[in-house]
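What follows is a single structure, written as structure tokens, with notes after it.
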2 protein chains.
Amino acid sequence: MTARISYTLADVATRAGVSEITVSRVLRNKASVAEKTRERVLAVVREMGYVPNRVAGTLASSGSNLVGVVLPSLSNIVFPDVLRGIHAALAPSGYQPVVGVTDYDQEIEEQLVASLLSWQPAAMILSGLHHTSYTVEMLRRAGVRIAELMDIDATPLDIAVGMSHHRAGIDTARYLHGRGYRRFGYVGHDRSRDLRAARRYEGLRQGLAEAGLSLEGEIAAAAPSSTSAGRELLGQLLAAHRDLDVVVFSNDDMAVGGAFHCFAAGIRLRDELALFGFNGLDIGQALPQPLSTLRSHRFLIGRTAAEMILEPRGADARPVIRDTGYDIIEGETA
Amino acid sequence: MTARISYTLADVATRAGVSEITVSRVLRNKASVAEKTRERVLAVVREMGYVPNRVAGTLASSGSNLVGVVLPSLSNIVFPDVLRGIHAALAPSGYQPVVGVTDYDQEIEEQLVASLLSWQPAAMILSGLHHTSYTVEMLRRAGVRIAELMDIDATPLDIAVGMSHHRAGIDTARYLHGRGYRRFGYVGHDRSRDLRAARRYEGLRQGLAEAGLSLEGEIAAAAPSSTSAGRELLGQLLAAHRDLDVVVFSNDDMAVGGAFHCFAAGIRLRDELALFGFNGLDIGQALPQPLSTLRSHRFLIGRTAAEMILEPRGADARPVIRDTGYDIIEGETA
DNA sequence: CTGTTAGCGCCTTCAC
DNA sequence: GTGAAGGCGCTAACAG
């Protein structure tokens with residue numbers, strides 16, 4: 001492998017017998033280039049294997065095709081789903097996502113935002129509505145469109161795309177109450193980091209309170225959600241509270257683990273103990289009895305956000321909230 | 001939100017009463033700047049919320065901190081796992097992954113490679129060892145380190161990090177034969193696109209042939225792998241072949257679906273029918289009976305590759321293959 | 001339809 | 001320890 005010896009516009013121009021700007025116009029599909037010239041230039045480009053230098057192009061035109069994407073995690077399928085949606089909407093327009101992962105840490109988010117903004121992105125996509133004040137200042141100053149994903153329970157800088165996790169919690173309580181369940185348990189994961197799970201939890205408690213109920217038993221891991229955590233924690237919860245008739249999980253990963261505990265312990269789902277999740281993951285729906293849960297629209301959130309940031313911002317400059325909603329999946333476990 | 005009004009080095013320099021180059025030196029931690037000057041400059045930088053323009057910096061110095069990452073998919077947790085590993089190794093060094101997704105299409109890969117190379121990345125990470133000839137030419141010409149992931153069954157351009165899927169297939173056959181299974185079935189997904197699954201399949205057949213056996217029944221979907229596909233296909237396979245004693249799945253997603261079919265149909269795992277997967281996903285290990293499978297090291301593959309591409313290439317320029325291997329997980333289903 | 005000129009913001013090189 | 005000049009590769013704006 002030789003050292004980097006990439007060609008420049010000037011090289012192509014010389015070989016094609018035209019000026020740099022003509023080659024530039026051909027490559028950017030600008031009008032006003034004779035068909036014959038265009039063909040000749042394109043032939044030379046292909047022959048030389050010329051790849052334009054977008055770094056230079058961006059500097060000259062002050063507009064890149066990069067979109068900064070800051071996500072809290074990639075461990076759970078939720079954020080890859082969002083990223084797929086983003087990618088699906090960006091790719092046809094030739095935009096490239098540049099990805100950073102914060103591990104749910106706002107300080108890391110701040111550094112990432114600075115780093116991504118230094119690439120003069122066309123837009124920024126973040127997760128959640130809470131950031132450090134310096135992050136917010138940098139974002140405002142950047143003068144590009146900003147989408148904040150997943151959550152719509154506060155006011156965004158520019159665009160929020162997601163659902164209300166608080167209402168989702170309330171609706172979970174109402175739905176399960178409506179189906180006759182009265183003795184509620186809860187199995188959760190690390191709420192101090194997953195603020196959306198915390199919102200659902202609060203909504204759930206509020207919904208129960210409105211029905212004159214409360215959680216009879218609850219347990220939460222300090223760790224991120226996982227199937228194995230759900231399985232273990234349900235076992236522990238049931239050991240302490242034998243009379244629950246329904247258990248709400250912080251998400252489907254946890255709930256599927258709960259289902260596995262029931263399989264292993266010979267507990268009949270719904271008849272003996274009802275389970276309810278959150279997210280509507282495939283794995284839950286593929287269970288022998290499909291999981292009762294609430295479907296979030298993760299791919300849609302990513303795709304919608306990416307579509308919206310590509311549109312120029314109006315002069316009014318008021319924050320926009322796009323609610324992608326959620327559906328209750330009846331399933332067969334609650 | 002106002003228009004983009006980011007400051008430049010010159011703005012900072014003026015306010016700090018020094019020249020641009022001094023500010024530049026401070027920000028890049030170059031020596032030969034007086035401590036007092038450094039402090040004053042840094043104070044001004046923070047006060048103004050100045051964010052350097054890396055586009056300009058890259059153009060001037062011809063070296064970026066971007067790493068192009070081309071993956072076939074994000075739908076399956078496998079590639080997010082790889083991406084996590086890449087991110088984990090890149091982040092401490094200040095490198096940023098720029099991600100493209102090919103959807104297993106070499107033409108899309110070619111376009112993505114061109115697009116990513118146009119950002120003058122410090123290195124490129126791809127998946128698999130097969131690319132179009134133009135892709136290969138562009139990559140060679142780029143003069144940067146190139147890692148090809150997942151597979152080591154052919155010669156890479158520069159670095160290959162992964163495992164031999166062919167040997168994995170052979171070892172699966174040997175292992176199961178060693179445990180006394182003789183009547184083999186296979187449940188797969190779209191092999192025309194997932195070439196590594198195809199390699200494992202071929203290895204499996206070869207391994208069986210060496211033991212004087214063959215697949216008594218097999219079935220494959222034209223679709224990507226999924227839990228629900230695994231569940232349905234196992235049902236179909238068993239309907240046609242009642243006497244199998246073990247079924248090998250193209251991966252864990254499919255195998256977990258198979259386990260769900262068995263739960264629903266009342267088939268006792270291992271006693272009546274053994275199941276074997278591939279990947280060693282958490283979900284399989286969280287099953288009431290942990291799935292017998294072969295663990296690939298996806299995070300390790302990503303992390304190793306990212307570490308290797310950050311090291312300068314030696315003068316000898318010979319391709320390097322790093323085998324991250326795999327482990328057999330005995331589990332309780334085979 | 002094509003070309004010329006003048007930067008984009010920063011960093012390298014050389015001078016002081 | 002600090003600064004001035006020039007250029008990275010490309011494109012906007014203006015000529016012709």
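Just so it is clear: chains get the letters A, B, ... in the order the sequence lines come, proteins before strands, and each one is counted from 1.
A donor and an acceptor atom, one from each side chain of A/Gln106 and A/His131, are nowhere located under 3.5 Å apart.
Contacts classified as side chain to side chain donor-acceptor pair (under 3.5 Å) and involving residues 90-99 of chain B (residues at least two apart or in different chains) are given here: A/Ser115-B/Gln96.
The footprint of chain B on DNA chain D, defined by a heavy-atom cutoff below 4.0 Å, extends from D/dG1 to D/dG9.
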* Structure fact -> Readout for nucleotides 6-14 of chain C: B = base within 4.0 Å of protein heavy atom, S = sugar-phosphate only, - = neither; 5' to 3' it is -BBBBSBB-

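Shown here are the salt bridge (Lys or Arg N to Asp or Glu O under 4.0 Å) partners of B/Asp11, two or more places apart in sequence or in another chain: there are none. Taking the salt bridge (Lys or Arg N to Asp or Glu O under 4.0 Å) definition, one finds that A/Arg322 meets it with nothing, sequence neighbours left out. For B/Glu307, the salt bridge (Lys or Arg N to Asp or Glu O under 4.0 Å) test picks out B/Arg303, with sequence neighbours left out. Every side chain to side chain contact (heavy atoms under 4.5 Å, CB included) that A/Glu107 has, sequence neighbours left out, goes to A/Asp105, A/Thr132. Not a single salt bridge (Lys or Arg N to Asp or Glu O under 4.0 Å) links B/Glu311 to another residue, sequence neighbours left out. For B/His87, there are no ring pair (Phe, Tyr, Trp, His ring centres under 6.0 Å) partners at least two apart in sequence or on another chain.
A donor-acceptor pair under 3.5 Å is absent between the side-chain atoms of A/Asp323 and the main chain of A/Met163, judged by distance alone.
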Quick one: side chains of residues 13-20 of chain A, donor-acceptor pairs under 3.5 Å with protein atoms, not counting sequence neighbours, listed by atom name and distance.
from    : atom 1 : to      : atom 2 : distance (Å)
A/Thr14 : OG1    : A/Ala10 : O      : 2.8
A/Arg15 : NH1    : A/Glu47 : OE2    : 2.6
A/Ser19 : OG     : A/Thr22 : OG1    : 3.4

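Contacts between residues 32-40 of chain A and DNA chain C, counted as heavy-atom distances below 4.0 Å, involve A/Ser32, A/Val33, A/Ala34, A/Thr37.
Taking five base pairs at each end of the helix from C/dC1-D/dG16 to C/dC16-D/dG1, the local helix axes there meet at an angle of 30°, rounded to 10°.
Ion pairing of B/Arg140 with B/Glu137 is absent here, as no side-chain N (NZ or NE/NH1/NH2) approaches a carboxylate O to less than 4.0 Å.
Taking all atoms of both residues into account, the shortest heavy-atom contact from A/Leu83 to A/Leu71 is CB-CD1, 4.2 Å.
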